Each structure stands twice: as structure tokens, then as C-alpha cells.
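I have placed the structure first, in the form of C-alpha cells, so that the comments after it can refer back to it.
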Protein chains: 2
Amino acid sequence: MSEERRLSPVQEKFILHWGEMGIQWGINRTVAQIHALLFIAPRPLHAEEITETLGVARSNVSNSLKELQGWGIVRRVHVMGDRRDHFESLKDVWELFRTIADERKKREVDPTLALLRECLAESDKALVRDSHTEGRLRELLVFFETTTGWYERLRGWSPSALSQLASMGDRALKLLGLGT
Amino acid sequence: MSEERRLSPVQEKFILHWGEMGIQWGINRTVAQIHALLFIAPRPLHAEEITETLGVARSNVSNSLKELQGWGIVRRVHVMGDRRDHFESLKDVWELFRTIADERKKREVDPTLALLRECLAESDKALVRDSHTEGRLRELLVFFETTTGWYERLRGWSPSALSQLASMGDRALKLLGLGT
DNA sequence: CACTCATTTCTGCTCAGACAGAACAGGGGG
DNA sequence: CCCCCTGTTCTGTCTGAGCAGAAATGAGTG
């Protein structure tokens, strides 16, 4: 029973903060906390450990883990000699955030693109044209198309390439003849 | 009374979608809907119009407008010969999202950076070092430092420079000798 | 084939955030 | 100077997400 792994003050602080951050970004607090715990855990944890460590109900942990797996940032692993499922987070930070970004794009940006195209199509065949609204929506569409196109190219680049590019800063722009 | 401006189906569709999107990103539905309405409105609207158009309480509109102003994406304007406050959204899409990104960075990313540094500092002087947690947090810190540094450089660039860079795609990388 | 252990699903409760309506404040204009 | 128009703040209600505990499912073992 109760291996009772106590969190260090630093760990607790981080997990609590991560939970609050989650809320700001539309992610359930417990889900975010569990992810934070798995992220700093030195080994895969099983549900019972999570339950005890965070003080939430087992069912809550179960559902939250399912959601995290749905996001693709937590996966089930098996530990030899233990029947229980264990869970671990993606550990590579770049991969982690790329995965989250991919998923958010799929869930939120793509449907928005679809909706904007739909709206513009309907607007086209409407009896009373509303060119102002149309213009606004078109600008939004261009924005999302441009940025997602950009993201899709970027996401394939290696972290090192990205960070090199970042560290080059404005020099990169000059090289490319894109100075402001 | 009741100028009763009715929304077109397209407008309604867009506003409702924008509201749902808001929720996904941790923004109140009504707040997002009001923003959507102001974004597509051809002229500044006063609170009463918003109340009627969206069918929400006046107080709700008042508070939501205050929040939108806090985000810096809606501002009060005065219309000649009308004592009532009128409100309009930022119309330039790039500026709009840059403003939102700036604000989210200030509210969420910067505090996270501060917290991670705090955690690492505390971890440094702890009696029992937890090098694993420390490592994870350090990686997160590097990630946030890198990406925010990158954002801070990028945010000054003109939309046209950004879209040119995007359209260049991988060629840009090759030019910079950063190919994967 | 029953029993145990692990996990998921179901059910109902709880509470925080969202909201409406009322009360309040104030500032022009008649 | 008073009253009306506009906007804000306050207060109570309500809804839905979040959650705990119970029940159900399943999987492995003796």
C-alpha cells in the first residue's frame, strides 16, 4: 500500500502552476497537473500513484489519462512484473509542444478554416451581399491560411535548425533581403 | 428604440463559432462573441446594440467590453452627436493577433519563465538535490526562453516580411545553411 | 471456474464561473 | 437644480464542468 511518494516543494510548485496554466489555455486543471507530474517523473507511474500524489479520485485520473493520451502526449507503457498500466509523458520538450500544436491545429484551426470558407461560399450566393463582412472574413481566412502554411513548413524543421534561426535574429532577414 | 439590427445567417454562424473557439482557448464565450461582432461590424457599436444583437444582459456586455479593452483589442470611440460610448475592434488581423499574443505572453509565459527560474534557484540550494526534476525544468526553461526570444524578434517584422519568409519555405533554410 | 486486482463507466453531487436584473453613480442638458 | 440617460457595480441565481464514489467490466491467476 501507499508508497506515499511525497512531492518536494519545488515539484509541488511546478505542478500547481502547470495546472493553472492549463486552465488559462482551456485545459482541465487536473489533466494539466497529471501531465506535469508525469513530465517530471523519473519513471512511468501507475494510476494509483497519481491518485495518491495529487489527491484526486481514481476515476478522475483514469479519465484524465485518457484525455492526455488523446492529445498524444502521454502513453501507456508496461513495466515488467507489474500488471498495472504505467504512464509516461513525452519527455522531449520540442516534440511535446509540437504535438500539442498539431493537435490544436487539427481541432481548432482547421475547423475554423473550413467555417470561414463555408461562410464565404454562402455569402457568395446570398441574395443580399454583405461585402463588408465578406471582406473581414476573407482577411481572417488569409491570415489563418498564411500562418498555418507557415507552421506546416516549420514543424518539419529540427529544433536545432529552429534555434539557430532564432539566434541569428535579424541577420537572417537581411540575408534573405526581407529587411523591414 | 430597438434599431433591431438582425444578423445575417453568415454573421451569426461566424459569431457563434468564434464564441466556441474562445472557450477552447480559455476565453469567455460572451467575450469572444462580442469581439466577433465588433470585428465584423462596419462601424463602432454602442453597448445597447450589442445587448440586443446578442441577446445578453447589459451588465454582461459592460464587463465583457472592459475585458476586451484590457486585452487591448477593443477600444472606446466617440461618435459625434451621441453621448453613448461606442466600441470598435482592431481591424488589422495581423495587429489583432500580435496584440493577443503579446498579452498572453505577458500574462502566462513570462510568469512561467519566472516560476521556472525560481524553482531552479530553490532547487540549487535544497538539501536533497533532485537532479532529474531539475533537468526537466531546465529543459522547459530553455524551450520557453528560446521561443520567446524568437517571438520577440519576429513580432517586429512586417506582415509582408513574414509572409514572404513563409512563402520561401525551405529555400530560406537552405540559404541560411540550416537544412535538416 | 471462481477469485482478485486493475481499470473504465456510470451516477449523482458540488461548486465556481457566468449571467441577469436591480441598485447605484455620475454627468449633461433642459 | 433636477431629471434623464448612460454606464458600472452589486447581488443572487443558475448552469455545467469537474469530480468522487459506486457499480460494472475485464483480465489474469491459482
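Small disclaimer: the values here were computed from a predicted structure and weren't measured. Chain identifiers are assigned alphabetically (A, B, ...) following the order of the sequence lines, protein sequences preceding nucleic acid strands; residue numbering begins at 1 within each chain.
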Quick one: [X] [atom1] to [N] [atom2], roughly how many Å, whole number?
X	N	atom1	atom2	result
A:E48	C:dT4	CD	C1'	15 Å
A:L54	D:dG18	CG	P	16 Å
A:D85	C:dC5	CG	P	17 Å
B:R29	C:dA20	CZ	P	12 Å
B:R76	D:dG7	CZ	C1'	9 Å
B:L45	D:dG7	CG	P	12 Å
A:R84	D:dG28	CZ	C1'	15 Å
B:I50	C:dA20	CD1	P	14 Å

Whichever of B:D82 and B:N60 has its nearest DNA chain D nucleotide further upstream toward 5':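 By nearest-heavy-atom nucleotide position, the 5'-most residue is B:D82.
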Worked verdict on B:E118 versus A:F14 for side chain to side chain contact (heavy atoms under 4.5 Å, CB included): CA-CA 10 Å; B:E118 226 175 282; A:F14 170 67; over 6 Å; no
Electrostatic pair B:D102-B:R98, nearest N-O below 4.0 angstrom: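 Looking at B:D102 and B:R98, the cut-off is met.
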Does a side-chain N or O from [X] land closer than 4.0 Å to OP1 or OP2 of [N], or not?
X	N	answer
B:K66	D:dT9	yes
A:S59	D:dG21	no
A:S62	C:dT8	yes

A:D130-B:Q11 side chain donor-acceptor pair, cut-off 3.5 Å: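 A:D130 vs B:Q11: donor-acceptor pair found between side chains.
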Enclosure of B:R75 CZ (heavy-atom neighbours >12, cutoff 6.0 Å):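 No, not enclosed.
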Derivation and outcome, side chain to side chain contact (heavy atoms under 4.5 Å, CB included), residues A:I40 and A:W18: CA-CA 12 Å; A:I40 57 173; A:W18 210 239; over 6 Å; no
Sugar-phosphate, base or nothing in reach of B:R58, heavy atoms under 4.0 Å: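 Contact class for B:R58: base.
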Sugar-phosphate, base or nothing in reach of A:N63, heavy atoms under 4.0 Å: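 Counting heavy atoms under 4.0 Å across all strands, the contact made by A:N63 includes a base.
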